[in-house]
Amino acid sequence: DAMVIQNPRYQVTQFGKPVTLSCSQTLNHNVMYWYQQKSSQAPKLLFHYYDKDFNNEADTPDNFQSRRPNTSFCFLDIRSPGLGDAAMYLCATSSRGDQPQHFGDGTRLSIL
Amino acid sequence: AQSVTQLGSHVSVSEGALVLLRCNYSSSVPPYLFWYVQYPNQGLQLLLKYTTGATLVKGINGFEAEFKKSETSFHLTKPSAHMSDAAEYFCAVSEGMDTGRRALTFGSGTRLQVQP
C-alpha cells in the first residue's frame, strides 16, 4: 500500500544534542509537510516543500531546519533541542496544496 | 485569511447515540473542507472532504458532514456512536486554490468520548 512512513516512532535525545527525524513516502506526492503537535493541541505547521521549493512558516524557530533530497524523502533537523521541543512530529504529503493530506504515524520526541 | 473554530473541546455521548461535532470556518474564497480523526499515538486519518458539488458528504466509518455556506459550517455527524469512535477529531480548511503554497488550517480539535 502507498503510504507515509516516519522513523523512528519514538526518539529520545539530550538537551542541546542535534536530532534528525525522517519521513518517506511512496505516494509520489509533490508536497511534503512537517507539523509539530503538542499534547491536546492541533498540529502546527512548521514548513512544507512544494517539489523542491521550501516554504517556512513565519513563526517556526530557526532551530528547526528541513531537507528534501528527493521526492520520496524529507528530514526534520532540530539543531539544539530544548525542553519545549518535546512533542509529536507529524509528516504529511499531498498531491497539491489544497488536496487532502496523508499523514504518517508520527515521531514522538522526548528531551532529557 | 482562513480560520476554523471547533465548538466544544470535549464531547461525550453514549454508545448508540447521535454524534455531532461542530465546525465553523471563515474563508475569503470558496473553501475546501476536511475532517480528520486521530487515534492515540497515531497520525491523522482523513474521514471526509468537501470540495465542490453535493453539500452532503459521506465519509468512512459511517460519518457524514454537510457544507452550509449560509452558516459557514461543516458539522460532522454519525447516527449511532460506537466505542471505536472515541478519538480526537479535527476540522480543517484550505482555500480551494492550487497555489501550491497554501496548506491546511486546522481547528483546535474535539475529543470524542463514547460511554458504554
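Residue numbers begin at 1 in each chain, while the letters A, B, ... track the order of the sequences.
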Contact class of [X] relative to chain A, heavy atoms under 4.5 angstrom:
| X | value |
| --- | --- |
| B:Tyr36 | side chain |
| B:Gln42 | both |
| B:Gln6 | neither |
| B:Leu46 | side chain |

Q | Nearest-0.5 Å distance, OH of residue A:Tyr35 to CG of residue B:Leu44 | A |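 Atom-to-atom, A:Tyr35:OH and B:Leu44:CG are 8.5 Å apart.
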Q.
What's the separation between atom NZ in B:Lys49 and atom CD in A:Gln101, rounded to the nearest 0.5 Å?
A.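 Going from NZ on B:Lys49 over to CD on A:Gln101, the span is 12.5 Å.
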Q) What heavy-atom pair brings A:Ala42 and B:Phe90 nearest, and what distance separates the two atoms? A)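 Taking every non-hydrogen atom into account, CA-CE2, 3.4 Å.
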Q: Check A:Pro100 against B:Phe34 and note the closest heavy-atom contact, atom names and distance.
A: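 Heavy atoms only, the tightest pair is CG-CE2, 3.5 Å.
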Is there a path of hydrophobic side-chain contacts, each under 4.5 Å between heavy atoms, that joins [X] and [Y]?
| X | Y | value |
| --- | --- | --- |
| B:Met83 | B:Val13 | yes |
| A:Tyr89 | A:Met32 | no |
| A:Phe75 | A:Leu46 | no |
| B:Tyr39 | B:Ile60 | yes |

Q: Say whether, by atom type as modelled, one donor and one acceptor occur between the side chain of A:Arg9 and the main chain of B:Asn41 under 3.5 angstrom.
A: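 The answer is yes, because a donor-acceptor pair under 3.5 Å joins these two groups.
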Count the heavy atoms belonging to other residues, nucleotides or ligands that lie under 6.0 Å from [atom1] of [X], then report whether that count exceeds 12.
| X | atom1 | result |
| --- | --- | --- |
| A:Lys17 | NZ | no |
| A:Asp59 | CG | yes |
| B:Arg22 | CZ | no |

(Q) Given heavy-atom pairs under 4.5 angstrom as the criterion, report whether the side chain, backbone, both or neither of A:Gln6 touches chain B. (A)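 It is neither, since no heavy atom gets under 4.5 Å.
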